[in-house]
Asker: 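Sharing a structure below in structure tokens format, with a few things to ask.
Chain letters run A, B, ... following the sequence lines, proteins first and then strands; every chain starts at 1. Any value given below was found using the heavy atoms of this structure, including those in side chains, with hydrogens, waters and symmetry copies removed.
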Amino acid sequence: MKGGESKAEATSTDQRLKTRGRKAGKKTKKDPNQPKRPPSAFFVFLEDFRKEFNLANPNNKSVATVGKAAGARWKSMTDEDKAPYVAKAESRKTEYIKNVQQYNLKLASGTNREEDDSDKSKSEVDEAVSEEEAEDDD
DNA sequence: CTGTTGATTGTTTCA
DNA sequence: TGAAACAATCAACAG
């Protein structure tokens, strides 16, 4: 059965093939304050998985190995297992959105006035930044 | 020394 | 709507 590896997810496989070739030019960031994309549930899971993987394979240095293992494991997990990671990812996304808002706010303030009310605008942003911080519960 | 590569999937973003 | 790019990681290699 390999003739055609399926297909149902042709988009996925194809995309990756192209993207891999393009990643070479991703380091072009022009906006210093532009927030980066929030980690997906898979990345959240990866953070934990890497730790375990390092313990299980302290000799392994290839990041690709962990990625492959994580990917295989990820697909092996059920939605319920991914639930906590997904939930975390959702929080990250929410924070990211707030970040973008602040980012836009700063730009708006800067573009609008960067000499007079700069102090004032700063305060406003400051409040937004400290909005909620942390909640660690178990 | 600096920068890209490698590999995963998910989310983000533009047209 | 879909395709394209990028998110972390870290060691190693190339220029």
Asker: Give a yes or no on whether A:Lys82 atom NZ has more than 12 heavy-atom contacts from other residues, nucleotides or ligands under 6.0 Å away.
Answerer: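 Enclosed.
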
Asker: side-chain contact (heavy atoms from CB on, under 4.5 Å) with A:Phe53: which of A:Val66, A:Asp48, A:Leu46?
Answerer: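 The single option meeting the side-chain contact (heavy atoms from CB on, under 4.5 Å) with A:Phe53 is A:Val66.
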
Asker: Show the nearest heavy-atom pair for residues A:Ala89 and A:Ala41, with the distance to one decimal.
Answerer: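 For A:Ala89 and A:Ala41, the tightest heavy-atom pair comes out as CB-N, 3.5 Å.
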
Asker: At what distance, to the nearest 0.5 angstrom, does CZ of A:Phe43 lie from CH2 of A:Trp74?
Answerer: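 A:Phe43 CZ to A:Trp74 CH2: 11.5 Å, rounded to 0.5 Å.
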
Asker: What distance do A:Thr94 atom OG1 and A:Ile97 atom CD1 have between them, rounded to the nearest 0.5 Å?
Answerer: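 It comes to 5.5 Å.
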
Asker: Nearest whole angstrom, please: distance from the C1' of C:dA7 to the CG of A:Asn99.
Answerer: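 In whole Å, C:dA7 C1' lies 14 Å from A:Asn99 CG.
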
Asker: Please round to 10 degrees the angle between the axis of the first five pairs and the axis of the last five pairs in the helix from B:dC1-C:dG15 to B:dA15-C:dT1.
Answerer: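 The end-segment axes of the helix from B:dC1-C:dG15 to B:dA15-C:dT1 are tilted 80° relative to each other.
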
Asker: For DNA chain C, which residues of residues 38-50 of chain A approach it to below 4.0 angstrom with any heavy atom?
Answerer: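 Heavy-atom contacts with DNA chain C come from A:Phe43, A:Arg50.
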
Asker: Using whole Å, report how far CG of A:Asn59 lies from C1' of C:dA12.
Answerer: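 Checked: the CG to C1' distance equals 16 Å.
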
Asker: Test of understanding: with salt bridge (Lys or Arg N to Asp or Glu O under 4.0 Å), list the residues that count as partners of A:Glu95, not counting sequence neighbours.
Answerer: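 Once residues adjacent in sequence are excluded, the partners of A:Glu95 under the salt bridge (Lys or Arg N to Asp or Glu O under 4.0 Å) criterion are A:Arg92.
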
Asker: Tell me which residues in residues 79-96 of chain A lie within less than 4.0 Å of DNA chain B, going by non-hydrogen atoms.
Answerer: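 Those residues whose heavy atoms fall under 4.0 Å from DNA chain B, taken from residues 79-96 of chain A in numerical order, are A:Lys93, A:Tyr96.
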
Asker: Who passes salt bridge (Lys or Arg N to Asp or Glu O under 4.0 Å) against A:Lys68, sequence neighbours left out?
Answerer: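 A:Lys68 satisfies salt bridge (Lys or Arg N to Asp or Glu O under 4.0 Å) with no residue once adjacent residues are dropped.
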
Asker: Nearest 0.5 Å please: distance from the OG1 atom of A:Thr65 over to the CG atom of A:Asn59.
Answerer: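 Spacing of OG1 (A:Thr65) from CG (A:Asn59) equals 11.5 Å.
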
Asker: Tell me whether A:Met77 shares a hydrophobic cluster with A:Val86, the cluster being built from Ile, Leu, Val, Met, Phe, Trp, Tyr side chains joined at under 4.5 Å.
Answerer: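 Different hydrophobic clusters.
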
Asker: Under 4.5 Å between any side-chain heavy atoms of A:Phe45 and A:Arg73, yes or no?
Answerer: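 A side-chain contact exists here, since the closest heavy-atom pair is under 4.5 Å.
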
Asker: Scan residues 62-76 of chain A against DNA chain B and write down, sorted by residue number, each residue with any heavy atom closer than 4.0 Å; if none is found, say none.
Answerer: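 Contacts with DNA chain B under 4.0 Å: A:Val63, A:Ala64, A:Gly67, A:Lys68, A:Gly71, A:Trp74, A:Lys75.
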
Asker: Roughly how far apart are A:Tyr96 OH and A:Gln101 CD, rounded to 0.5 Å?
Answerer: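 Here the interatomic distance stands at 11.0 Å.
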
Asker: How close or far is atom P of C:dA11 from atom CZ of A:Phe53, stated in whole angstroms?
Answerer: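 It works out to 14 Å between those atoms.
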
